[in-house]
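Dumping the structure here so I can ask a few things about it.
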Amino acid sequence: MTHRILVVEDEADLADLVAFNLRQSGHQVQIAGLGSTALAEIRRQKPDLMLLDVMLPDISGFEVCRRLRRESETLRLPIIMLTAKGEEVDRIVGFEVGADDYVVKPFSPRELVLRVDAMLRRIGEWKQEPGTQTIHIASMTVDVPAHRVQVEEQDIALTALEFRLLLDLVKRRGRVQSRDALLERVWGYAPGIETRTVDTHVKRLREKLGAASNYIETVRGVGYRVRETVESL
Ligand code: CA
């Protein structure tokens, strides 16, 4: 299936290489070399996924991501950040500003295409999955068909991936889910790749849930669990 992908990368050779490989895989690709161009192009093209380099000549990829996550139209856009090797901080900041995934440079174009296709496939599956229920846990309501979460009747703005992570935990409430299991079901990764990705996302999810943040428990050495019942709140 063809998807529209926006590649935001100022190194022209790399951008062309990535675009070539994505087109080979059947996608429509546009390239933006500046953060500001990317922001404008997104409004115009409405891509299905964005690859976003951190180091851009004008505004950083982090800032681009942060701005997109502030707006409801782009809150759920899948964003994969391209980060420099060894820059652990880039990965963490990337997740904090709302990126869904990251690929470390230098990467093989094939690996990148696989990662992109995996994410698009998962998002496609999520859209088709029949969701009919609304789940209530104390002051939190998870409206599955509408992909909407409310805490104390206030809407919580979640990215597609954050919603999925929460839903995964909520559906299995009362049972501990390992990081590997979450990585596999939510991100589509093989176990053992990058379990800290889960931790960073759970942290951000808790921040967004505010008064309901403690509904997600950390089970030391194992993983995470959403409490089945929440008393005394
Ligand atoms: Ca760059």
Side-chain angles (χ1 to χ4, degrees), residues 2-71 73-123 159-162 183 187-189 193-201 203-204:
T2 297
H3 289 91
R4 283 161 305 173
I5 299 173
L6 181 64
V7 176
V8 186
E9 168 62 74
D10 58 309
E11 291 164 57
D13 290 349
L14 182 58
D16 287 343
L17 180 68
V18 167
F20 173 79
N21 281 274
L22 288 168
R23 285 180 188 127
Q24 291 287 100
S25 188
H27 302 300
Q28 288 176 26
V29 185
Q30 295 292 324
I31 297 171
L34 293 171
S36 52
T37 322
L39 288 167
E41 286 297 301
I42 279 187
R43 284 178 188 102
R44 210 168 59 81
Q45 295 174 16
K46 307 204 184 331
D48 299 303
L49 183 143
M50 178 166 73
L51 292 172
L52 179 59
D53 185 33
V54 172
M55 296 288 285
L56 296 168
D58 56 343
I59 46 175
S60 77
F62 295 139
E63 184 56 25
V64 172
C65 192
R66 197 177 285 127
R67 289 190 201 176
L68 292 173
R69 289 316 192 210
R70 261 189 236 131
E71 299 188 20
E73 309 89 79
T74 48
L75 173 66
R76 293 178 184 181
L77 171 70
I79 298 177
I80 301 178
M81 298 216 73
L82 308 177
T83 69
K85 195 182 178 184
E87 295 294 326
E88 173 77 357
V89 66
D90 280 4
R91 183 182 66 83
I92 294 167
V93 175
F95 284 154
E96 276 167 5
V97 296
D100 297 303
D101 202 353
Y102 71 100
V103 172
V104 177
K105 289 180 174 182
F107 48 78
S108 87
R110 191 181 132 70
E111 180 201 319
L112 182 67
V113 170
L114 288 174
R115 196 73 79 83
V116 166
D117 285 344
M119 184 168 286
L120 289 169
R121 190 165 54 243
R122 275 197 124 59
I123 287 177
T159 66
L161 199 133
E162 287 164 348
L183 265 182
W187 281 264
Y189 289 176
I193 289 189
E194 183 58 90
T195 47
R196 291 183 62 192
T197 296
V198 178
D199 298 338
T200 318
H201 274 83
K203 179 170 174 267
R204 194 153 52 97

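Atoms within each ligand, like the ligands themselves, are counted from 1 in listed order. Values below: every heavy atom of this structure, side chains too, minus hydrogens, waters and symmetry copies.
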field: Test log, rule salt bridge (Lys or Arg N to Asp or Glu O under 4.0 Å), inputs E73 and K46
entry: CA-CA 9 Å; E73 309 89 79; K46 307 204 184 331; over 6 Å; no

query: When you check the space around the Ca ion (ligand 1), which protein N, O or S atoms turn up under 3.0 Å?
result: D10 OD1, D53 OD2, M55 O

For residues 5-18, which side-chain donor-acceptor pairs fall under 3.5 Å, sequence neighbours excluded?
{"unit_1": "E9", "atom_1": "OE1", "unit_2": "K105", "atom_2": "NZ", "d": "3.0"}
{"unit_1": "E9", "atom_1": "OE2", "unit_2": "E11", "atom_2": "N", "d": "2.9"}
{"unit_1": "E11", "atom_1": "OE2", "unit_2": "K105", "atom_2": "NZ", "d": "3.3"}

message: Using every non-hydrogen atom in the two residues, find where W187 and R122 come nearest and quote the distance to one decimal.
response: C-CD, 3.7 Å

task: Sequence neighbours left out, what passes salt bridge (Lys or Arg N to Asp or Glu O under 4.0 Å) with R66? Give chain and number order.
output: E63

query: Is there a donor-acceptor pair closer than 3.5 Å between any side-chain N or O of Q45 and the backbone N or O of I42?
result: no

task: Apply salt bridge (Lys or Arg N to Asp or Glu O under 4.0 Å) to R69 and list each qualifying residue two or more places apart in sequence or on a separate chain.
output: D100

